[in-house]
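Here's the structure we're looking at; comments come further down.
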There are 2 protein chains.
Amino acid sequence: MTGTSPDFPARLRAAGLRPTRQRVALARLLFEGGHRHVTAEGLHVEVKATRMPVSLATVYNALNQFRDAGLLREVVVAPGRSYFDTNTGHHHHFFVEPDGELHDFPSDKVTIAGLPAPPKGTRLARVDVIVRVRR
Amino acid sequence: MTGTSPDFPARLRAAGLRPTRQRVALARLLFEGGHRHVTAEGLHVEVKATRMPVSLATVYNALNQFRDAGLLREVVVAPGRSYFDTNTGHHHHFFVEPDGELHDFPSDKVTIAGLPAPPKGTRLARVDVIVRVRR
DNA sequence: GCAGTATTTAGAATTGTTCTAAACTCCTTG
DNA sequence: CAAGGAGTTTAGAACAATTCTAAATACTGC
């Protein structure tokens, strides 16, 4: 079989989101190639470069909805700017300061031992490892 | 005994910062008790409650200068808000979502194995572990 | 004490993000 | 396939966190 041609409208519908033109355009940019890290501003610039103008507010809306639907993961590494990661599986990040470049690395080779128990009345949600590096 | 009275002016001077009234007032709030996590807004409210009014801009300036001087560490855990940690030693964080509560835990019991090498042309700066928990 | 530079300040400006209300579009139904 | 309603999009205003600006003030060395 020749490469899966991702049916974006269907994927969006499966996530409980109406496949509007702008959501499909954004999904295409986000999910068509390999994994990516984007900011709202960056994605807005990209989508404007296509023949489908989309407002910045819609980019923000879509990113938040995609994240809530589990299609994206939000990564908080730098003050004042949110990154969204199309890789929603288990993995961690390299963050190159001060450029703001972000790279995934798989978590399956990484072992974290000796973590204390969560504070009383809380349960573990996720463990983020951010390896900060400099040029 | 009257306990150790930390000489804040001297500590500031040692860090290369002039011991102005407002910096000393902020240092007192930050370093007098045990380790703390503060936001600029929060610290501003606190310092206003003392008899020494300090502008919000000065709080931001001071926090940034203290961080640059190594007296504080900035912790990025939530989008749109920076936390400053008076604990500059090796340790990691619990972050209670969605309240925004932050707790330290020492890193000496924690072992992280299997981290990949930093990307070419970069050197390791720090490894942050954020354990996200929920109520 | 005085000059001189660093610091503080109020308020404006900037940046990133969310909100609002009106216009539009997807989808279902007839 | 027209119509209607709910869900979306949009431009622009609003908001929140932070930084900048230019003028006033405070620390420090002499």
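Naming convention: chains lettered A, B, ... in sequence-line order (proteins, then strands); numbering from 1 in each chain. Basis for what follows: all heavy atoms, side chains included, without hydrogens, waters or symmetry-related copies. Bear in mind that the values here come from a model prediction, so they are computed numbers and not experimental data.
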- Query: Which residues satisfy the salt bridge (charged side-chain N to carboxylate O under 4.0 Å, His left out) test with B/Arg135, sequence neighbours excluded?
  - Reply: B/Asp99, B/Glu101
- Item | N-O pairing of B/Asp128 and B/Arg73 below 4.0 Å | yes
Are there any protein N/O atoms within less than 3.5 Å of an N/O atom in nucleotides 11-16 of chain D, and if so, which ones and at what distance?
none

- Item | Rounded distance in Å - CD (B/Gln65) to P (D/dC20) | 12 Å
- Message: Checking one residue: B/Val45. Which other hydrophobic residues are in its cluster under the side-chain 4.5 Å linking rule?
- Response: none
- Query: If we fit an axis to the first five pairs and another to the last five of the helix from C/dG1-D/dC30 to C/dG30-D/dC1, what angle do they make, to the nearest 10°?
  - Reply: 30°
- Message: I need the minimum non-hydrogen distance between B/Val24 and B/Pro9, along with the two atoms involved.
- Response: CG2-CG, 4.2 Å
- Task: State which residues pass salt bridge (charged side-chain N to carboxylate O under 4.0 Å, His left out) with A/Arg67; sequence neighbours excluded, sorted by chain then number.
- Result: A/Glu74
- Query: What is the distance from CG of A/Leu17 to P of D/dG7, rounded to the nearest Å?
  - Reply: 13 Å
- Message: Taking only side-chain N and O atoms of A/Thr39, does any of them lie within less than 4.0 angstrom of OP1 or OP2 on C/dG16?
- Response: no
- Message: Rounding to an integer number of Å, can you tell me how far B/Asn61 CG sits from D/dA17 P?
- Response: 18 Å
- Task: Would you mind reading off the distance between B/Met52 atom CE and D/dT25 atom C1', rounded to a whole angstrom?
- Result: 12 Å
- Item | Closest heavy-atom pair and its distance - B/Leu30, B/Thr86 | O-CG2, 3.4 Å
- Nonpolar side-chain network containing A/Val75, other nodes, edges under 4.5 Å: A/Val77, A/Tyr83, A/Phe95, A/Leu102, A/Ile130, B/Val75, B/Val77, B/Tyr83, B/Phe95, B/Leu102, B/Ile130
- Query: Taking for each residue the nucleotide of DNA chain D with the nearest heavy atom, is it A/Pro79 or A/Gly16 whose nucleotide lies nearer the 5' end?
  - Reply: A/Gly16
Listing time: all N or O pairs from protein to nucleotides 28-30 of chain D that are below 3.5 Å?
{"unit_1": "D/dT28", "atom_1": "OP1", "unit_2": "B/Arg13", "atom_2": "NH1", "d": "2.8"}

- Tell me what B/Pro53 touches on the nucleic acid: a base, only sugar-phosphate, or nothing, going by heavy atoms under 4.0 Å. sugar-phosphate
- Item | Interatomic distance where CZ belongs to B/Phe8 and P belongs to D/dC27 [whole Å] | 17 Å
- For the pair B/Arg28 and B/Glu46, evaluate salt bridge (Lys or Arg N to Asp or Glu O under 4.0 Å) and give the outcome as yes or no after the intermediate values. CA-CA 11 Å; B/Arg28 209 188 301 285; B/Glu46 266 187 71; over 6 Å; no
- The complete set of side-chain hydrogen bond (donor to acceptor under 3.5 Å, both in side chains) pairs with one or both residues in residues 12-26 of chain B, sequence neighbours excluded, reads B/Arg23-B/Gln65
- Message: Does C/dT18 have OP1 or OP2 under 4.0 Å away from a side-chain N or O of A/Asn64?
- Response: yes
- Task: May I ask you to evaluate whether B/Thr20 reaches the phosphate of D/dA26, defined as a side-chain N or O under 4.0 Å from OP1 or OP2?
- Result: no
- Note on the structure: Under a 4.0 Å heavy-atom cutoff, the residues of residues 22-32 of chain B touching DNA chain C are B/Gln22, B/Arg23
- Query: Counting just side-chain N and O atoms, does B/Tyr60 come under 4.0 Å of either OP1 or OP2 of D/dT18?
  - Reply: yes
Identify each donor-acceptor pair in which a side-chain atom of residues 113-121 of chain A lies under 3.5 Å from a protein atom, sequence neighbours left out, and give them as a table.
none

- Query: Taking atom types as modelled, is there a side-chain donor on A/Asp104 or A/His37 under 3.5 Å from an acceptor on the other?
  - Reply: yes
- Task: Rounded to the nearest angstrom, tell me the gap between atom CG in A/Leu12 and atom P in D/dT8.
- Result: 11 Å
- Message: I'd like to check the ring-ring contact (aromatic ring centres under 6.0 Å, His included) partners of A/His91; sequence neighbours left out, ordered by chain and number.
- Response: A/His93
- Flag yes if B/Val76 and A/Val131 sit in one hydrophobic cluster, no otherwise; membership is Ile, Leu, Val, Met, Phe, Trp, Tyr, and two members link when side-chain heavy atoms are under 4.5 Å apart. no
- Query: How many Å lie between CG on B/Asp68 and P on D/dT19, as a whole number?
  - Reply: 11 Å
- Message: Holding to ring-ring contact (aromatic ring centres under 6.0 Å, His included), I want the full list of residues that pass it with B/Phe94, two or more places apart in sequence or in another chain.
- Response: B/Phe105
